[in-house]
Amino acid sequence: MIRLAALVSGEGTTFQALLDACRAGQIPAEMVLLVSSRAGAGALARAKAAGVGAVVLEPAKFASSAEYSRAVAEECRKRHVDLVCLAGFLTKLEKHFLDEFAGRAMNVHPSLLPAFGGAGFYGRKVHEAVLAAGARVSGCTVHFLDERYDHGPIVSQAAVPVLPGDTSETLAERVGLREKDIYAQAVRLFAQGRLRLEDGKTVMDAPPEPSGKLRRALLSVSDKTGLADFARGLADLGVEIIASGGTAKALAAASVPVRPIESLTGFPEILSGRVKTLHPGVHGGLLMRREDATHRAQAEELGIGPIDLVAVDLYPFSEVLARAGGTLTPDAVENIDIGGSALLRAASKNFASVAAVSSPEDYAPVLSELRRSEGRLSLETRRRLALSAFKRTAAYDAQIAAAFAGEPAKPAAEFPATLGLTLHKLQDLRYGENPHQKAALYGPKPQAGFVQLHGKELSYNNLLDAAGVWEAAWDFKDPACMIFKHVSPCGAAVGNTVAEAFTAAWACDPLSAFGSVIGFNRPVTAAVAADLEKRFVEALVAPAFEPEALAILKKKQNLRLVVRPTGPEKAWQLRSAGPEVLVSEQDRELFGSEWSVASKRKPSADEEAALRFAWTCAKHTRSNAVVLAGPRAAVGIGGGQTSRVDAVFMAGVKYKEYLRAGGVAPPVLVLASDAFFPFRDGMDAAASLGARAVVAPKGSIRDAEVVKAADENDLALVFTGLRHFKH
């Protein structure tokens, strides 16, 4: 590993790029020194933040430029610097420095030298001169230093087109991206011992045989599910991440180091985003045969680096087509993916060296294998990924062809013909659903999505309840508390605070709440903890626990405290059905598109609020499910019944117990049913309990009879456009 020094006069963005590349392992070097010619240069703060030694040498404080050059050389010599990188350094270095660091000092200039180089051409002035001259192409140059400004043996160059409407600012931005790319490549070649000066000329050795390790990945996805974790996992393995448009923004927002695609192409996205990745700098990196020395040499001469993995999904053509009723609208045509298909096909064609990841389902298995195999993917894995990608693009093209032929649109294949899952063992459990059953917990990621802070080991049944309350609590916007027993609610409430919500939720059914699992969608406070001190519950699940609350709750030795900091993500739901496995989308809908009043009387504002609360609670209650509630809390829950009448009856029993225990009747009482009422007796029973409004799906052949019963009982009846069966 060699030692680098950077000479900077300004903000130091190029210095930062070199530093980041060193730290990511992309350059086998260590940045040991920053020399600034200005005391106020922004690069000094960057060096301090990175722990890089920095000195300020201002030319005006030296008697001559020769003395100044000696001082710069002395600072580099003291730190045993192998290569000096000028990065926006505006002071000319004289013979003493050049003699000592001959062939060991590089500069990068923002034009295609010898054009627009020399005294007076620096920074924004270069781009202004390019535009004033009417040049159609600009670019950047990396060269070894000699005694003249912006002169010396050229190492590499990259062209950047001058676009109509360019300003010096927009041109500088695109040239700057390419500068950082080719400069890092040049420094890497030097650090690898493959770049040097011989007789005043640049000599570059042929590229070595590829190691097979994944070094660079291109990500371009519409569906951002799992993207940040996947990219972060790649970056942790030393993989350089390149991304297009929205993907790059999403990764930057998630603090994942990422380079924009423009740093490879020199082009911005053009034609309203229709062209982003269709460029030799991208497809050359995908299609070059790594085992072919001629390909490797040609790619390096052209400044094209290999791309070892692409993660791409395709624009949702079939979904847009379906929304248009199968009509090939301009919006549907715009959602025909060109670049994404090309990337997947190029990567798949070159599966001998490149991995084509075409679905978020592959993120975890790919990362797992890379971690096990020191950054390498087996040929078998790359071939499997290529097959999946070709199947995906083939099905995609078939849908487009059918639409152009005027054939009825077919729904996109939601589920693959063969489903491969990689699940990581997270922990062994004491036993399963019963003590005579062995069990373990597995997950799609190597780490669980929750952290247990305290208490006994979570059991199989605890985990089911904990998952249930977590999902249920996150369906409420206000501070909420859900209490589960046997994976079904026995208490639910929202409040101005979590303490208020907890008190109301516990009051619903204190008997069933004994030994329950409780979930919150806000951090647990000391007030909640104090209320729980004398109650027996199995576990608490929350985004966080305030320190005072934690101190109180930890006094209960066996109480399990679990942190799940975020809400549920989009994922498949898997359930065993004997030796088979049922796979479905999770129920992430809540109210659906329809919420229509079927009765003569419309619900009041309070009744409307209560109906929406009760419906949310019913979604998480075992079928057949009926929930009696006010606007902020459930007061009677009948779940897991074999008939809807029984569910209403049990909800009524629980409500009467609630009142007998001193519970206050809600200002309005409503009833929610997870499915339609097959007969009018449900309406009659609701009215007998004092309910003033009911919400349920429609769909019974006796809906008219049910509506009539509601009207006869002066009930407001709301029909929803979906049901929430929970088996």
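Residues take their numbers from the sequence shown, with the count starting at 1. FYI, side chains are in, hydrogens and waters are out, and symmetry mates aren't considered; it's all heavy atoms of this structure.
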Query raised in the report: Step by step, would you call Arg136 with Val162 a side-chain contact (heavy atoms from CB on, under 4.5 Å)?
Result: CA-CA 5 Å; Arg136 302 297 296 273; Val162 180; 5.5 Å; no
Query raised in the report: Could you walk me through whether Arg174 and Asp166 pass the salt bridge (charged side-chain N to carboxylate O under 4.0 Å, His left out) check?
Result: CA-CA 10 Å; Arg174 291 202 313 284; Asp166 255 338; 2.7 Å; yes
Requested in this report: Report the C-alpha distance between Asp181 and Arg178 in whole Å, list the side-chain angles of each, state the deciding distance to 0.1 Å, and finish with yes or no for salt bridge (charged side-chain N to carboxylate O under 4.0 Å, His left out).
Outcome: CA-CA 5 Å; Asp181 184 40; Arg178 292 298 283 134; 2.7 Å; yes
Requested in this report: List the steps and the verdict of side-chain contact (heavy atoms from CB on, under 4.5 Å) for Leu370 and Leu214.
Outcome: CA-CA 8 Å; Leu370 288 170; Leu214 201 152; 4.0 Å; yes
Requested in this report: Go through the steps to decide whether Glu380 and Leu385 satisfy the test side-chain contact (heavy atoms from CB on, under 4.5 Å), and finish with yes or no.
Outcome: CA-CA 9 Å; Glu380 179 184 356; Leu385 292 170; over 6 Å; no
Scan the side chains in residues 25-36 for donor-acceptor partners under 3.5 Å anywhere in the protein, sequence neighbours excluded, and list what turns up.
| residue | atom | partner | partner atom | Å |
| --- | --- | --- | --- | --- |
| Ser36 | OG | Arg38 | N | 3.1 |
| Ser36 | OG | Arg38 | O | 2.7 |

Considering only distance and modelled atom types, tabulate donor-acceptor pairs under 3.5 Å from the side chains of residues 83-98, sequence neighbours left out.
| residue | atom | partner | partner atom | Å |
| --- | --- | --- | --- | --- |
| Lys92 | NZ | Glu147 | O | 3.0 |
| Glu94 | OE2 | Ser65 | OG | 3.1 |
| Lys95 | NZ | Asp99 | OD2 | 2.5 |

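Taking a 6.0 Å sphere around OH of Tyr122, one finds it holds 12 or fewer heavy atoms contributed by other residues, nucleotides or ligands.
In this structure, Arg384 pairs ionically with Asp362, as a charged nitrogen and a carboxylate oxygen lie closer than 4.0 Å.
Partner of Asp308 under the salt bridge (Lys or Arg N to Asp or Glu O under 4.0 Å) criterion, chosen from Lys213, Arg216, Arg376, Arg290: Arg290.
Considering only heavy atoms from C-beta on, Leu286 comes within 4.5 Å of Leu343 through its side chain. Two residues are said to be in side-chain contact when any heavy atoms from C-beta on lie closer than 4.5 Å; Thr202 and Arg196 fail this criterion. The side-chain heavy atoms of Arg104 and Leu197, taken from C-beta on, include no pair separated by under 4.5 Å.
Residues Ser378 and Glu369 bring a donor and an acceptor atom of their side chains to less than 3.5 Å of each other.
Looking at residues two or more places apart in sequence or on another chain, you find no side-chain hydrogen bond (donor to acceptor under 3.5 Å, both in side chains) involving Glu173.
Ring pair Phe62/Tyr68 is perpendicular by interplanar angle, where above 60° counts as perpendicular and below 30° as parallel.
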